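One structure is given here, and the rest of the page talks about it.
Nothing fancy with the numbering, it's 1 onward along the sequence. Whatever order the structure lists ligands and atoms in, that order sets their numbers, starting from 1. Just so it is clear, the structure is predicted and the values come from calculations on it, not from any experiment.
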Amino acid sequence: MSFDEMDVSTIWMDGEFVDWDDAQIHVLSHGLHYGTGIFEGVRCYDTVDGPAIFRWDEHLQRLYDSAKPYEMEIGYTPEELTDATLELLRREGLSSCYIRPIAFYGYDSLGVSPGNCPTQIAIAAWPWGTYLGEEAIERGVKVKVASWRKHASSQVPTNAKTTGLYVNSMLAGEEARRHGYAEAIVLDKEGYVAEGPGENLFLVRDGEISTPALSQSILDGITRQSVVRIARDLGYTVHDQATISRGELHTADELFFSGTAAEVTPIRQVDNVEIGSGSRGTITEEIQSRFFEIVEEAPDEYADWFTFVE
Ligand code: PPE
């Protein structure tokens with residue numbers, strides 16, 4: 001949905017709340033030319049106890065961590081960014097939404113070296129429904145292994161959520177969609193399974209759950225961490241530093257994506273090969289429904305996952 005069709009009016013930018021239409025930057029900003037920005041994607045859920053941001057502290061920590069390799073100074077404390085975000089959600093009256101903090105090298109001079117370009121920072125929030133479509137959550141999606149490989153972790157810091165790195169995601173995802181698939185799976189430089197363009201990947205086989213290792217060019221997804229915890233709490237064995245070959249995708253009993261935007265989305269086909277029964281698997285369904293139950297009920301055992309807006 002276009003932002004123009006949404007009822008959102010404010011963005012927090014460089015320390016101030018500004019009108020949505022005034023949240024502008026100069027066309028000669030460093031981040032636009034060289035992809036030198038870092039960002040987060042966070043969801044706020046309308047829980048039975050009121051709106052609450054899911055795993056805010058972990059997302060905030062990852063934002064500061066992402067800034068490190070670029071020597072980018074986020075000129076605000078975690079407390080200031082938290083206050084700004086909570087105030088933004090209250091002002092907008094948003095209960096269930098997506099939150100996008102972004103920091104980037106701004107406007108001063110051009111040249112690859114950021115020189116004196118200031119770090120600019122903004123936080124926006126808007127309603128965002130299911131990532132790959134409502135039907136995807138129940139039926140699962142068809143995915144294509146992309147011809148594009150992930151950056152090697154020796155080429156770029158793959159654990160930093162950097163704007164520029166998403167050209168790889170965009171190429172992989174659009175290639176898949178051009179061929180009639182909903183999403184891509186991207187292999188790492190060695191050809192092992194890494195992740196989706198905007199999701200981590202899980203594989204179920206013989207009742208055990210595996211997900212690629214952090215060394216395999218993946219983002220250390222916070223939903224990934226949540227799924228690992230949920231699955232273990234449900235009694236499953238989870239191999240969270242697995243190496244998965246392309247062929248193992250086809251022989252999996254179940255596959256699913258995890259991500260803030262994608263939440264828990266089953267995968268029913270890879271390159272036209274049906275996975276398991278060709279629909280949402282039973283373990284996927286169990287983890288998925290537990291995930292949705294947790295974000296709806298904010299139960300005591302997961303209390304530290306929620307930052308309440310009020
Ligand atoms: N890998 C990648 C490459 C990625 O972008 C995401 C999030 C994940 C894994 C899952 O991480 P986490 O959200 O912490 O569980 N992708 C974000 C961007 C989506 C977009 O289209 O923009 C997201 O889900 O917010």
Side-chain angles (χ1 to χ4, degrees), residues 1 3 35 37-45 53-66 85 96-102 104 122-133 136-137 141 143 146 148-153 155-174 176-177 182-189 193-202 211-231 240 244 255-265 267 287-288 291-292 294-295 305:
M1 185 158 85
F3 285 126
I38 51 138
F39 69 106
E40 272 305 316
V42 194
R43 272 191 195 266
C44 176
Y45 286 98
I53 306 178
F54 185 66
R55 308 207 69 175
W56 174 249
D57 294 342
E58 290 84 354
H59 281 283
L60 205 51
Q61 181 61 51
R62 192 171 65 187
L63 185 77
Y64 285 91
D65 286 347
S66 293
T85 303
S96 164
C97 64
Y98 186 83
I99 305 164
R100 170 57 58 85
I102 181 166
F104 54 95
I123 303 169
W126 63 88
W128 195 348
T130 53
Y131 191 51
L132 298 170
I137 295 283
V141 288
V143 302
W148 298 99
R149 298 282 175 88
K150 290 288 294 191
H151 316 269
S153 58
Q155 295 171 319
V156 286
T158 48
N159 57 337
K161 200 166 164 61
T162 311
T163 58
L165 302 195
Y166 280 79
V167 293
N168 178 263
S169 294
M170 189 268 206
L171 289 167
E174 291 310 293
R177 284 181 275 277
E183 188 59 303
I185 289 178
V186 194
L187 307 178
D188 73 4
K189 181 175 141 283
V193 174
E195 59 181 352
E199 308 90 352
N200 290 114
L201 183 121
F202 283 83
T211 191
L214 297 181
S215 58
Q216 281 168 302
S217 299
I218 66 163
L219 187 72
D220 185 1
I222 289 156
T223 321
R224 175 185 181 278
Q225 296 168 16
S226 308
V227 165
V228 169
R229 160 94 190 269
I230 290 169
D240 65 357
I244 299 172
L255 293 174
F256 62 90
F257 280 134
S258 74
T260 297
E263 299 172 303
V264 177
T265 301
I267 296 170
I287 291 169
Q288 188 192 45
F291 175 85
F292 284 125
I294 290 168
V295 298
W305 284 4

Just the distances, no angles: every ligand 1 N or O to protein N or O pair closer than 3.5 Å, one line each.
| unit_1 | atom_1 | unit_2 | atom_2 | d |
| --- | --- | --- | --- | --- |
| ligand 1 | 1 (N) | Glu195 | OE1 | 2.7 |
| ligand 1 | 5 (O) | Lys161 | NZ | 3.3 |
| ligand 1 | 5 (O) | Tyr166 | OH | 2.5 |
| ligand 1 | 13 (O) | Thr260 | N | 2.9 |
| ligand 1 | 13 (O) | Thr260 | OG1 | 2.6 |
| ligand 1 | 14 (O) | Arg62 | NH1 | 2.8 |
| ligand 1 | 14 (O) | Arg62 | NH2 | 3.0 |
| ligand 1 | 14 (O) | Ile222 | N | 2.7 |
| ligand 1 | 15 (O) | Ile222 | N | 3.2 |
| ligand 1 | 15 (O) | Thr223 | N | 2.8 |
| ligand 1 | 15 (O) | Thr223 | OG1 | 2.6 |
| ligand 1 | 16 (N) | Lys161 | NZ | 3.4 |
| ligand 1 | 16 (N) | Gly198 | O | 3.2 |
| ligand 1 | 21 (O) | Tyr131 | OH | 2.5 |
| ligand 1 | 22 (O) | Arg100 | NH2 | 3.1 |
| ligand 1 | 24 (O) | Thr260 | N | 3.4 |
| ligand 1 | 24 (O) | Ala261 | N | 2.9 |
| ligand 1 | 25 (O) | Tyr98 | OH | 2.5 |

For this session: Could I get the full list of ring-ring contact (aromatic ring centres under 6.0 Å, His included) partners for Phe256, not counting sequence neighbours?
Result: Phe202

For this session: Give a yes-or-no answer on whether the side chains of Arg100 and Tyr98 include a donor-acceptor pair shorter than 3.5 Å.
Result: yes

Seminar exercise, completed: Hits for side chain to side chain contact (heavy atoms under 4.5 Å, CB included) against Arg229, two or more places apart or cross-chain, chain-then-number order -> Asp233, Tyr302, Trp305

For this session: Please check if the side chain of Arg149 supplies one atom and the backbone of Leu187 the other of a donor-acceptor pair under 3.5 Å.
Result: no

Exercise. Are Gln61 and Asp57 linked by a side-chain donor-acceptor pair shorter than 3.5 Å?
Worked result: no

Exercise. With sequence neighbours excluded, what pairs up with Tyr45 under the ring-ring contact (aromatic ring centres under 6.0 Å, His included) test?
Worked result: none

